[in-house]
Each structure stands twice: as structure tokens, then as C-alpha cells.
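Worksheet: one structure, shown below.
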Amino acid sequence: MEVLLHKGCGRPESRTMTLRPAGPEDAAAFYALQNEVRAAMPDPELFVPDTLENITAYVRNDLCIGAWQGSRLGGYLIVRFCGHSAHNYAAFMDVPRTEWEHWANADSAIVHADFRGNGLQRLMLEAALPLFPKKITHIGATVSPQNQYSLHNALASGFAIVSRREMYGGHDRYLLAKDL
């Protein structure tokens with residue numbers, strides 16, 4: 001899917017990006033982008049990083065969308081289908097266990113600073129939704145209350161805050177949900 005961006009490095013600029021499902025060959029680029037973006041954050045605690053091994057498993061077993069400008073990765077979205085696993089965000093939202101298989105996790109959304117301000121997180125989610133298994137009727141997410149950019153994008157994408165709790169080893173997070 002081709003999308004037109006209207007900003008580059010915070011300035012008006014028109015350019016296109018290709019949004020496409022990722023494969024195992026993209027895992028190293030996802031991992032490198034995650035680490036680059038996190039290192040540039042004023043407070044790296046706002047984002048809990050993942051391992052290369054986990055990212056490799058996600059691109060093999062779940063749904064990952066990469067946003068590419070030529071060979072440069074500008075952002076990505078990882079959506080996990082956790083089913084009855086305790087990692088399913090539905091487990092933290094008092095959703096009955098019998099309904100967990102109908103939930104997906106919007107696990108990570110990363111956008112490089114050069115591509116911000118274009119709604120790329122929302123566009124990647126829109127590209128992912130038609131690729132979801134038909135049984136998925138809800139999507140959950142987490143975001144740091146201090147990460148206003150990601151929180152704004154999630155709310156603008158139709159997510160609602162369900163609760164606030166500690167997750168990922170003591171990190172303060174909002175739990176969000178969206179009906180599909």
C-alpha cells in the first residue's frame with residue numbers, strides 16, 4: 001500500500017512510503033529502528049524494548065507492518081495474536097477468558113523522527129486491519145501516560161483508555177481497547 005506523507009523531518013514535504021507486511025528478513029531492521037528511536041527519546045523508559053529474538057518470532061508468527069521509503073525503514077507496527085496466552089492484553093482488562101481469542105495486541109508502534117507528524121501509526125494500523133483473522137473483533141494496546149505522541153495516535157485511531165496499571169516490570173501504562 002502506497003501512502004503520501006506531507007512532512008519530512010518536521011517540515012512540509014511530499015513523499016511516498018510503502019506499507020507492507022514484514023517477513024523474517026525485516027527483523028534486523030525492526031530491531032535496529034527500535035533501538036535508534038528509543039536511544040533518541042528524552043525518557044527511554046517510555047518505551048520497553050524487545051529482543052531481536054522476539055521481533056523475529058513476531059514477524060514469523062504474527063502480523064507486522066513496515067513503512068518503507070525505498071530501502072529505508074521509517075516505522076513499523078507489530079500486532080500479536082495471543083489467543084489464550086497470559087500475554088493477551090484482554091487478560092488485564094477483565095475480559096472473560098472465553099473471549100480472548102477474539103482479541104489482538106497492538107504490541108509496538110515505532111516511527112522514526114524523520115517521518116513523524118504524518119499519522120503513520122494510524123496508517124499502519126489501517127493497513128493491518130484487513131489482514132487480521134476474521135475472528136478478531138477487538139484490539140488492545142498499552143502506552144505510557146507520559147508518551148503523549150503515542151497516546152494521541154491511539155486515541156485518534158479509536159482506542160479508548162480502559163485502565164491504568166503497572167506492567168512490564170513496574171512501568172506505568174494505560175491499557176487501551178478498540179472495537180473492530
Side-chain angles (χ1 to χ4, degrees), residues 1 19-24 26-27 30-31 33-34 37-38 41 43-67 75-111 119-180:
M1 171 177 162
L19 306 183
R20 65 168 173 79
D26 298 317
F30 277 37
Y31 182 70
L33 181 62
Q34 165 200 263
V37 169
R38 186 170 188 265
M41 294 175 84
D43 181 2
E45 293 300 310
L46 297 180
F47 179 80
V48 178
D50 225 320
T51 64
L52 178 57
E53 293 76 20
N54 283 346
I55 291 172
T56 300
Y58 303 153
V59 297
R60 283 194 173 125
N61 304 318
D62 295 297
L63 176 60
C64 303
I65 301 292
Y76 69 80
L77 170 70
I78 294 175
V79 177
R80 297 186 60 212
F81 305 107
C82 298
H84 290 262
S85 162
H87 297 287
N88 192 324
Y89 294 148
F92 303 99
M93 293 188 258
D94 297 324
V95 173
R97 188 175 182 84
T98 57
E99 296 298 315
W100 292 5
E101 68 186 275
H102 301 290
W103 283 74
N105 287 2
D107 197 64
S108 295
I110 300 283
V111 176
L120 203 48
Q121 285 186 9
R122 289 188 302 275
L123 292 169
M124 290 186 292
L125 180 60
E126 288 172 15
L129 289 174
L131 304 175
F132 279 23
K134 297 298 179 212
K135 69 180 180 180
I136 301 298
T137 57
H138 298 81
I139 186 166
T142 69
V143 65
S144 168
Q146 286 75 42
N147 189 340
Q148 292 301 305
Y149 182 79
S150 288
L151 180 59
H152 170 77
N153 276 306
L155 296 173
S157 294
F159 284 87
I161 297 171
V162 173
S163 65
R164 186 173 180 168
R165 62 175 288 147
E166 284 189 3
M167 298 184 77
Y168 313 117
H171 295 275
D172 184 24
R173 292 293 183 262
Y174 283 133
L175 273 160
L176 302 107
K178 174 183 172 74
D179 295 340
L180 302 180

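Remember, predicted model here, so these are calculated numbers, not experimental data.
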Taking only residues two or more places apart in sequence, or in another chain, which ones meet R122 in a side-chain hydrogen bond (donor to acceptor under 3.5 Å, both in side chains)? N153

Nearest atoms (heavy-atom pairs only) where A177 meets M93: CB-SD, 4.0 Å

Check whether any side-chain heavy atom of V48 lies under 4.5 Å from a side-chain heavy atom of M167, and answer yes or no. no

Taken in chain and number order and not counting sequence neighbours, the residues that satisfy side-chain hydrogen bond (donor to acceptor under 3.5 Å, both in side chains) with D179 are H138

Flag yes if more than 12 heavy atoms outside R165 fall under 6.0 Å of its CZ atom; otherwise flag no. yes

For residues 126-137, run the donor-acceptor check on the side chains, cut-off 3.5 Å, and write out each pair with its distance to 0.1 Å, sequence neighbours left out.
none

All side-chain contact (heavy atoms from CB on, under 4.5 Å) counterparts of A27, not counting sequence neighbours: L52, I55, T56, V59

Pairwise side-chain contact, Q121 with S157, heavy-atom cut-off 4.5 Å (strictly under): no

Looking only at heavy atoms, what is the nearest atom pair of W103 and G140, with distance? CE3-N, 3.9 Å

Taking atom CG of N61 as the centre, does the number of heavy atoms from other residues, nucleotides or ligands within less than 6.0 Å exceed 12? yes

Is it the case that the side chains of Y58 and D50 hold a donor-acceptor pair, with the cut-off being a distance below 3.5 Å and no angle test? yes

Student check: side-chain heavy atoms of D43 and Q146 closer than 4.5 Å: no

Partners of Y89 by side-chain hydrogen bond (donor to acceptor under 3.5 Å, both in side chains), sequence neighbours excluded? D107, Y168

According to side-chain hydrogen bond (donor to acceptor under 3.5 Å, both in side chains), who are the partners of D172, at least two apart in sequence or on a separate chain? R164

Beyond-backbone contact of L125 with F159, side-chain heavy atoms, under 4.5 angstrom: yes

